[in-house]
Amino acid sequence: DICRAEIIADLQANNPELLDIATRCARDVGDFWRVMTGFCMFYRLLKAQSTEVALQSPGNAPRAGLLPRVSEGTRADIVKRIDSIGSQVFTREAIADLESNNPELLLMAHHFAADQADYVGVMQGFALLYACLSAEAGRQHAVLH
C-alpha cells in the first residue's frame, strides 16, 4: 500500500495523464487496488530502467523524471489510433512493440495479468500505458526501455 501510494503521488506530480489512464483501466477491469498496484509496478520498473540507462550513458547526468510526461496531445493521438484500427489490433501492436523492446517487462505484465479475472483487460491496460509512454518518448526523441 505504501509503495503504491508513493508511485501514485509520483504520477500525480509528474505524469497525471498516465495516472488517469491507469486509474480508468483499473476501474474498468475490476479489483481496482490490485490492478492499480500492477500498473504502478509496471511504471516503477520502466522508471528504474530509464534511470539505469541514463546513468550508463556517457555524458548523461542523473535527473528526475526520466520517463516522458505524457501530454494530452499524445493521449488524444493514441485514442484516435485506437478508434481507427480497433482496440484488439492496437493492443497486439503495442504488445509486439513491448516484446521487441522490453521482453522482461512484458513477462512481468503477463504474469501479473494471468492472476487477474480479466487477463485481456489488464494486458490492454499495460499495452496502453506502454504505448503512451513510447509515443511521448518518440515525440521527445527519448528512448524508452
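Starting from 1, each residue takes its place in the sequence as its number. These numbers were taken from a predicted model, which means no experiment stands behind them.
Closest of all the heavy-atom pairs between F112 and V122 is CD2-CG1, 4.0 Å. Contact record, A135 with I78: CB-CD1, 4.0 Å, taken as the closest heavy-atom pair. Between F32 and A26, the shortest heavy-atom contact is CD1-CB, 3.6 Å. Closest approach of G125 and C25 over heavy atoms only: CA-SG, 3.9 Å.
Annotation: side chain of R69 is in contact with side chain of P16 (closest heavy-atom distance under 4.5 Å). Counting heavy atoms from C-beta on, the side chains of Y130 and I95 never come closer than 4.5 Å. Contact annotation: the side chain of M123 never approaches that of V29 to less than 4.5 Å [non-hydrogen atoms, C-beta and beyond]. Side-chain contact between M36 and L19 is present, with heavy atoms from C-beta onward closer than 4.5 Å. C132 is listed as a side-chain neighbour of L18, based on a closest heavy-atom distance under 4.5 Å.
Looking at residues two or more places apart in sequence or on another chain, you find a side chain to side chain donor-acceptor pair (under 3.5 Å) between E17 and R75. Taking the side chain to side chain donor-acceptor pair (under 3.5 Å) definition, one finds that R24 meets it with D20, sequence neighbours left out. In this structure S71 satisfies the side-chain contact (heavy atoms from CB on, under 4.5 Å) test together with T74, E136, R139, sequence neighbours excluded. Residues forming a salt bridge (Lys or Arg N to Asp or Glu O under 4.0 Å) with D1 (at least two apart in sequence, or on another chain): R4. Partners of R34 under the side chain to side chain donor-acceptor pair (under 3.5 Å) rule, at least two apart in sequence or in another chain, are Q116. Taking D97 as the reference, N101 meet the side chain to side chain donor-acceptor pair (under 3.5 Å) condition, with sequence neighbours excluded. By the ring pair (Phe, Tyr, Trp, His ring centres under 6.0 Å) test, F42 pairs with F126, sequence neighbours left out. Not counting sequence neighbours, the partners of Y119 by the ring pair (Phe, Tyr, Trp, His ring centres under 6.0 Å) test are H110.
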Take L11 and I7 through the test side chain to side chain contact (heavy atoms under 4.5 Å, CB included) and record every step on the way to the result. CA-CA 6 Å; L11 283 163; I7 297 166; 4.1 Å; yes
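Taken from CG in L105 to CE in M41, the straight-line distance is 10.0 Å, to the nearest 0.5 Å. Note: D31 CG to W33 CH2 = 11.5 Å, rounded to the nearest 0.5 Å. How far CG of N102 is from CG of L46: 6.0 Å, rounded to the nearest 0.5 Å.
Judged by distance alone, the side chains of Q124 and D28 never bring a donor and an acceptor atom under 3.5 Å apart.
L128 and V79 are not part of a single hydrophobic cluster, where members link through side-chain heavy atoms under 4.5 Å apart. If you chain together hydrophobic residues whose side chains sit under 4.5 Å apart, L107 and V120 never meet in one group.
Put simply, the residue from D10, V70, L129, I21 that forms a side chain to side chain contact (heavy atoms under 4.5 Å, CB included) with N15 is V70.
Sorted by first and then second residue, the pairs that involve residues 80-91 and meet side chain to side chain donor-acceptor pair (under 3.5 Å), not counting sequence neighbours, are R81-E93.
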